[in-house]
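Step one of this worksheet: look at the structure below.
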Amino acid sequence: MPSLFVFRGNDQGLRIELTEELLGLGRDVANQVQLHDTEVSRRHAVLRRADKTYMLSDLGSSNGTYVNGKRVDAHRLTSGDQVQIGNTQLLYTQTSGDSGVDLAQKIDIITGALGSDRSRIVSAISQADGSRLFDPDSDTPAHLRLNRGGSNLQIIYRTALAASHTLDIDELLDRIMRLIFDWVEADRGCIMLMDPQTKQLVPKVRRHRRPGSRDDNERISISQTILDYCMQHNEGVLTSDAQEDERWNPAASIVRMGVREALCAPMTGRYGVVGVIYIDTLSPPQDIGQRPAANKFNDEHLKLLIAIAHQAALAVEDTQYYSAMVEAERLAAIGQTIATLSHHIKNILQGIRGGSYLIKDGLAKHDEHMIGKGWEFVERNQQRISTLVMDMLTFSKEREPDLEPGNLNDIIQDVVELMVIRAAEKQVELICEPNPAVPVTVFDAEGIHRAVLNVVTNAIDACYDTGEEEPTRAGRVVVSTEYAPTEKLARIIVADNGTGISPEDLKEIFTLFVSHKGSRGTGLGLPVSEKILREHGGRIVVESEVGKGSQFILEMPANLPDAIRETNVDGGQ
Amino acid sequence: MAPRYSVLIVDPLEETREVLRTALESRGVRILATDEPAQGLALAREHGPDLIVLDVEHLATAPQRLSDGFAAQSRARSTPLVLLGSARLRTGRQMASQGEFVAKPYHYAPLIRKIEELLALCQQPIARRAA
């Protein structure tokens, strides 16, 4: 199935399977492929199905659409194409042929002595011998040797190239199989990989010379004995179902049935055999009489297939190791996440335990001050766990912003109202300065509220945790809004006169689980705020000076309600 | 009324310090508190508290000399140590011989009881020292 994979940019890791006839790409939420990248136009490009692939067309975007480094207006995509839109880079891949389930039903591995197809091994070549593709051959004239060597070299070069351009095993094997069919007159072919768990060969790619024809559905029968021979001896084999002494005897049954020749080569990597490549061809009865000596496959083909299989095996191993490495990193990240979250939750629970103890002790002593103090701890930790859970939820899931018309001034007023008591407890003045020029725009009110709340909480903490025994100035946090009509941007600005952030720390303030607030910080707040703004096609800009304070600007496109409605209508076309 | 005992709390969590402060002050104990081990050792040397509550997990990330300093302080003045942390910590196990080890996560009621018991055993509470 054709798919796009974002390998660079804000949406890195996103994979989109292309199933629809028409897909829009752009920053706007109305696009089927929404890219959270400020360098991407709202409606940047469109993908339109064209036969088995897609035609990519730029929609007059500001920054253009690039395929494999070249700017294009329209381009018919082929598998492996790299598409660049803004700062986002995507890989287009497309595998042809059948799925694994279909393949298992189309390939038979026949047990028994060389199978019921009467095949026998005509020639076997080890991998070491297979590598002597370019050795001088005394029987062949020099100019023919050079031609043949050059041709083989080209095939190996193309194989290496095909193997180096993808980390998708199915895609890689599909390319290898296509390459083999370009080079040799095979009728059918398949590549099977060994399942690491079951040690069984599993069909991965199947190809017929005439894809889509009635013959394409023909089952491929492969002798288990030949496969076992290949795997155990690590040798490629050339087989034929004809009996040598009667091969060209017109009276023999082969003349009625034809001759099936096959090549089977082990895919030998650095550490062992990872699979086999099998191709075969059938010479119809009428051809046999006309071309008595014209076998379609010979040792030269076998050597080349062994060399290709080796290249493919190395690439399969690399891809498998890469996948294993990615998986290991993923597991390590999960482990780190669990450890970090557990640590925060443990501290919160300890805080609740402390609060509960003080309440109980205070009740026993009829000490209202102690009860009040204990209740304060319980409430504070209840808020901490609530914030942690909300931040985790926001960060963990891919979510579409719930866009509704609203006014950012209402959001900052809500946040200030919520935080004013906490700020007062810490002797920090919290000021709200809504700008009446800010129009009603479309945004996810809950998301933006959370983003602003996190930034304001940090600002208050930055004013409180100055590290000074006797603060030299009163803490002050100002939350304001701004509208830039020409740029069509709306901004929420949170400015504080706290400790400020050093240039070194500034580099990692949006890094997950990195906090400079000691045991009170989870390292989730700012990454969550940044993610929310990104989901709106916006960003957070930070200016800070140590000892003077910081300014966080939450900037996003000012989508007016009418504009969104129009975009949605366009997107539905 | 002047407090009879003084306790130094060295713990990175503000809430832990505050809970212990509130609970122990209501029992007539003077509290010295800090989140920094180095500052804690300086307070211990300056004020000679009757008991030290020490987060050893936090201490394990500090230079070894601080652990040694608290241990020496404890020996020199017979100051009991209440060590909070995971039992697997080497520093904790070494110092545990000089004090009471309380494994995390702990409950406050037994911890406060433990502190009260140790304070009761103190031979030189503030009042007597002052006298």
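We name chains A, B, ... by the order of the sequence lines, and we start the count at 1 in each one.
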**Request:** Using the side-chain contact (heavy atoms from CB on, under 4.5 Å) rule, take B/Leu111 and A/Tyr357 through it: C-alpha gap first, then chi angles, then the decisive distance, then the call.
**Result:** CA-CA 11 Å; B/Leu111 174 62; A/Tyr357 171 76; over 6 Å; no
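Of all heavy-atom pairs spanning B/Ala23 and A/Met370, the tightest one is CA-CE, 4.1 Å. In this structure, A/Asp367 and B/Ser26 approach most closely via the heavy-atom pair OD2-CB, 4.5 Å. The minimum heavy-atom distance between A/Leu358 and B/Val19, with the atom names listed, is CD2-O, 3.8 Å.
Taking chain B as the reference chain and counting heavy-atom pairs below 4.5 Å, the highest number among A/Arg353, A/Lys346, A/Lys365 is found for A/Arg353.
Atom CD in A/Glu376 sits 8.5 Å away from atom CD in B/Glu18 (nearest 0.5 Å). The NE2 atom of A/His369 sits 8.0 Å away from atom CD of B/Glu25, with the distance rounded to the nearest 0.5 Å.
Ion pairing between A/Arg384 and B/Glu15 holds under the 4.0 Å rule for side-chain N and carboxylate O.
Side chains of B/Arg27 and A/Asp361 form a contact here, defined as non-hydrogen atoms less than 4.5 Å apart.
Contacts classified as salt bridge (Lys or Arg N to Asp or Glu O under 4.0 Å) and involving residues 105-114 of chain B (residues at least two apart or in different chains) are given here: B/Glu100-B/Lys114.
For the side chain to side chain donor-acceptor pair (under 3.5 Å) test, no residue two or more places apart in sequence or in another chain qualifies with A/Ser480.
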